[in-house]
Amino acid sequence: MQSAKQEKQTLSHDIVIVGGGLVGASLGCALAPLIERYGWRVAIIEAASLPENAQDMPWQPSFDARASAIAEGSAQRFRQLGVWEAMQHEAAPIERIHISERGRLGAARLSAKELGVTALGHVIPNAWMGRVLHQQLQRLPIEWYCPAKVDQLTPQAYGHHLVLSDGSELTAALTILADGGRSGLKEQLGISSRRHSYDQTALIAHVGVSQPHQGVAYERFTAEGPIALLPLPGQAMELVWTHASGTEQARLALPDREFLQQLQNAFGDRVGRFTRVGQRYSYPLSLITAEESVRPGLAVLGNAAHALHPVAGQGFNLALRSVMDLVEALEQGAEHQRALGDMPTLLAFEQRRARDRANVIRFSDGLVRLFGYSLPLLPHARAAGLIGLNLVGPLRRGLARRAMGLER
Ligand SMILES: Cc1cc2nc3c(=O)[nH]c(=O)nc-3n(C[C@H](O)[C@H](O)[C@H](O)COP(=O)(O)OP(=O)(O)OC[C@H]3O[C@@H](n4cnc5c(N)ncnc54)[C@H](O)[C@@H]3O)c2cc1C
C-alpha cells in the first residue's frame, strides 16, 4: 500500500468537482483567483453532454426549463465572479412580493422601494445562468471531462480516487461532490441522508399574462398547494404550482386552454388573463439533507448537501453562499500553507455554514408546514400572520433581508 506521502506526490489533480450544474459551475468560476495564485490543477466532470455551439441552450438537469429567484445577495456574489452583467441580459428584477391566501383577507406585501434597494431579487432562467457560467469557465484553465460520469469514488490515505464512465481514472486532493445527490456517490461513500417527502410535486411552466406584471412576484397559498408566479422579461411569468403528488398528472395532460382556465380559477386575476403556457414539467418535492458535508479530502455542496422545497426559492441561493464560503476557507488554508482537503480547513468551512443552512432549512420547511395543514383555526392564524406581517415593519424587513440573502 502507498503511504500518504507517496499518494500526495502522484495525485493527478488538486481539486476535482463532480457535477458541472449550477453549483459545480459556480464553484469553478469562484476558484479562478486561487487557480491563478496557486497554480492548482482543477477539473470538472459533468455527466450530461453540452452542445458544441455555446449559443445553443445547453440542456442538462441543472439547466432545464426552470427559472430561479436569485436573491440580491446572490446577484452580488455573481458580480464578484464577473458574470452578473451577462446574467442580467435575461433577468427580470423582483420589485415587489405579494403573499396571499385564497379565500382569506390577509396579504403581505414587501417592496424594494420601502427597503431602499433597487430590487428584492432577480428571476433568471436556469438555462441562461448555465450558459453564462459555462462561457466563463471556458475562459479559465479548468479541465472539462464532459460527457463523463464518475462511477466510483474511493477515499485514499490522501485524497480520493475517481473512476469515470469512459474508464479514465483521476486522483484528487480535494473532491467536491456537486452531483445533485442522485448519482449514488454519497451512498457509495457511506454518507447517509435524512429524507422527508412532502408528497408534493411542483408543476413548472412559463405562462403569458395579459397585464404587465410590473416586477411583482406572487406567492398564493390555495387549498391545493401554493402557486408562485415569478416575473420574467416581457409579459411572461414563471409558474411553480405545487400539487399533492399524483394530482399533477391530470394537469400535465390537459390541453393548454383548459390548463390556463384552471390556473385562472385557482390564482384569480391579479395579473389579468393567462394567455399562453409553454411546456410543462414536474418535480417531486422532498427535504433531503446529507448527514455529513465534509470529510478529509471531500466537501458536499448544493443539492447533494441539501434539497429543499422551492416555496421560498432558497436552494441555489443557499448553495451559492456555501460556494463562496468554501473558496474563502480554501484561501485561508492555502495562506496558512495547509494541505488541500485537510480537515481543519474543511471544518472551518462547515462551522461557517452550519447556522445559515439550519436557518434556511427551518424557514423553508416551516413555510411548507404552515401553509400545508388544513386544521380549522389555522387559516385564520395564517391570515392574521399575513396581515400582522404588514403591520410589523421590522419583522417584515428582517424576513425580506433573509429572503434576499443579505442576512444569515
Ligand atoms: C421546482 C424547483 C424550483 C426551484 N426554484 C429555485 C429558486 O427560485 N431559487 C433557488 O435559489 N433555488 C431554487 N431551486 C433549487 C435549485 O434548483 C437547486 O438548488 C440547484 O439546481 C442545485 O444545483 P446543483 O448543481 O447542486 O444540482 P443539479 O442541478 O442536480 O446538478 C448536478 C449536476 O451533476 C451532474 N452529475 C450527476 N451525477 C454525476 C456523476 N456521477 N458524474 C458527473 N456528473 C454528475 C448532473 O448531470 C448535473 O449537471 C428550485 C428547485 C426546484 C426543484
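Numbering of ligands and ligand atoms starts at 1, following listing order.
Any N or O atom pair closer than 3.5 Å counts here, and Gly20 shares no such pair with ligand 1. An N or O contact shorter than 3.5 Å links Ala47 to ligand 1 by distance. For ligand 1, one of its N or O atoms has an N or O atom of Arg182 under 3.5 Å away. Looking at ligand 1, you'll find an N or O of Arg66 within less than 3.5 Å of one of its N or O atoms. For a threshold of 3.5 Å applied to N or O pairs, the pair formed by Glu46 and ligand 1 contains at least one separation below that value.
Closest to atom 18 (C) of ligand 1 by heavy atom, among Leu22, Asn303, Leu230, is Asn303. Taking all heavy atoms of Gly180, Pro310, Gly130, Gly121 into account, the minimum distance to atom 3 (C) of ligand 1 is reached by Pro310. For atom 36 (N) of ligand 1, the choice among Leu320, Asn126, Asp179 with the nearest heavy atom turns out to be Asp179.
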Atom pairs and distances, side-chain donor-acceptor, residues 234-242, under 3.5 Å, sequence neighbours left out:
unit_1, atom_1, unit_2, atom_2, d
Gln235, NE2, Val209, O, 3.2
Gln235, NE2, Ser210, O, 2.9
Glu238, OE1, His206, ND1, 2.6
Glu238, OE2, Ala67, N, 3.1

Name each donor-acceptor pair under 3.5 Å that joins a side chain in residues 292-305 to protein atoms two or more places apart or in another chain, with its distance.
unit_1, atom_1, unit_2, atom_2, d
Glu292, OE1, Arg295, NE, 2.8
Glu292, OE2, Arg295, NH2, 3.1
Ser293, OG, Glu350, OE1, 2.6
Arg295, NH1, Leu189, O, 2.7
Arg295, NH2, Leu189, O, 3.4

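Residue contact annotation: Val240 has no non-hydrogen atom under 4.0 Å from ligand 1. Contact between Ala178 and ligand 1 is present, with at least one heavy atom of the residue lying under 4.0 Å from the ligand.
Stacking of Arg66 on the aromatic ring of Tyr281 is not recorded, the 6.0 Å distance cut-off and the 45° axial limit not both being met.
Taking CH2 of Trp144 as the start and CG of Leu137 as the end, the distance is 6.0 Å to the nearest 0.5 Å.
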